[in-house]
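Working notes for the structure below.
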Amino acid sequence: QVQLAESGGGSVQPGDSLRLSCAPSGTTSLWFHMGWFRQPAGKEREFIGVMNWRGDRKYYSDSVKGRFTISRDHGVKTTVYLQLANLQPEDSGVYYCAAAYEVISSDFGDERRYDYWGQGTQVIVSA
């Protein structure tokens, strides 16, 4: 069993940056892909990006490419991060991290392929 705990959300102004954290606990796997999704208020959850466990392969949705970056610790801690830059009001929402044992590239954006989810952390971007 794996638990994921997100943190780092908050209220910011347009143009600001935030770093979200996702701390896995339990039995993690070298086969994991770690994904990030977000759900704007009143809308469906959408895919942001995904990274393999080693951290050497990353894929982002077009809406965040160039502004958001996924990374992870490579030491004792296995925390995964989502760095958000140049935030805009449309980036507001609840951000979730998720872990998938096995997911192929064509399914990166399909939340049904992810086995574990965190509780989410809220990001509010407003002037």
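Position 1 is the first residue of the sequence; numbering continues from there. These numbers were taken from a predicted model, which means no experiment stands behind them.
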Exercise. Would you say the side chain of C22 lies within less than 4.5 Å of the side chain of W36, judging by non-hydrogen atoms?
Worked result: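 Yes, close enough: below the 4.5 Å cut-off.
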Exercise. Are T79 and R72 side-chain neighbours, meaning at least one heavy-atom pair lies under 4.5 Å?
Worked result: no
For this session: Check step by step if side-chain contact (heavy atoms from CB on, under 4.5 Å) holds for F32 and N52.
Result: CA-CA 6 Å; F32 271 172; N52 67 343; over 6 Å; no
Exercise. Under the side-chain contact (heavy atoms from CB on, under 4.5 Å) criterion, do L84 and D91 qualify, and how do the steps go?
Worked result: CA-CA 9 Å; L84 317 175; D91 295 316; over 6 Å; no
Which heavy atom of [X] sits nearest to which heavy atom of [Y], and what is that distance?
{"X": "V80", "Y": "M34", "value": "CG2-CG, 3.9 Å"}
{"X": "S71", "Y": "K58", "value": "CA-NZ, 4.2 Å"}
{"X": "S17", "Y": "A85", "value": "OG-CA, 3.6 Å"}
{"X": "P24", "Y": "T78", "value": "CD-O, 3.3 Å"}

For this session: Kindly say whether I104 contributes a backbone atom to a donor-acceptor pair with the side chain of D107 at under 3.5 angstrom?
Result: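 A pair under 3.5 Å: no.
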For this session: Output yes when a side-chain donor or acceptor of Y60 lies under 3.5 Å from a complementary backbone atom of I70, and no otherwise.
Result: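 Yes; judged by distance alone, with no hydrogens or angles, the pair exists.
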Can I get a per-line list of side-chain donor-acceptor pairs under 3.5 Å for residues 40-50, giving both atom names and the distance, sequence neighbours left out?
{"residue": "R45", "atom": "NH2", "partner": "E111", "partner atom": "OE2", "Å": "3.0"}
{"residue": "E46", "atom": "OE2", "partner": "R38", "partner atom": "NE", "Å": "2.4"}
{"residue": "E46", "atom": "OE2", "partner": "R38", "partner atom": "NH2", "Å": "3.1"}

Problem set entry | Evaluation steps, side-chain contact (heavy atoms from CB on, under 4.5 Å), between Y96 and L4 | CA-CA 9 Å; Y96 298 90; L4 304 176; over 6 Å; no
Atom pairs and distances, side-chain donor-acceptor, residues 114-126, under 3.5 Å, sequence neighbours left out:
{"residue": "Y114", "atom": "OH", "partner": "F108", "partner atom": "O", "Å": "2.7"}
{"residue": "D115", "atom": "OD2", "partner": "Y101", "partner atom": "N", "Å": "2.8"}
{"residue": "Y116", "atom": "OH", "partner": "Y101", "partner atom": "OH", "Å": "3.2"}
{"residue": "Q119", "atom": "NE2", "partner": "E6", "partner atom": "O", "Å": "3.1"}
{"residue": "T121", "atom": "OG1", "partner": "G9", "partner atom": "N", "Å": "3.0"}

For this session: Calculate, to the nearest 0.5 Å, the distance between atoms CZ and NE2 belonging to R113 and H33 respectively.
Result: 13.5 Å
Problem set entry | Evaluation steps, side-chain contact (heavy atoms from CB on, under 4.5 Å), between F68 and L87 | CA-CA 9 Å; F68 293 6; L87 285 162; 4.0 Å; yes
Problem set entry | Which residues share a side chain to side chain contact (heavy atoms under 4.5 Å, CB included) with R19, sequence neighbours left out |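 Y81, Q83.
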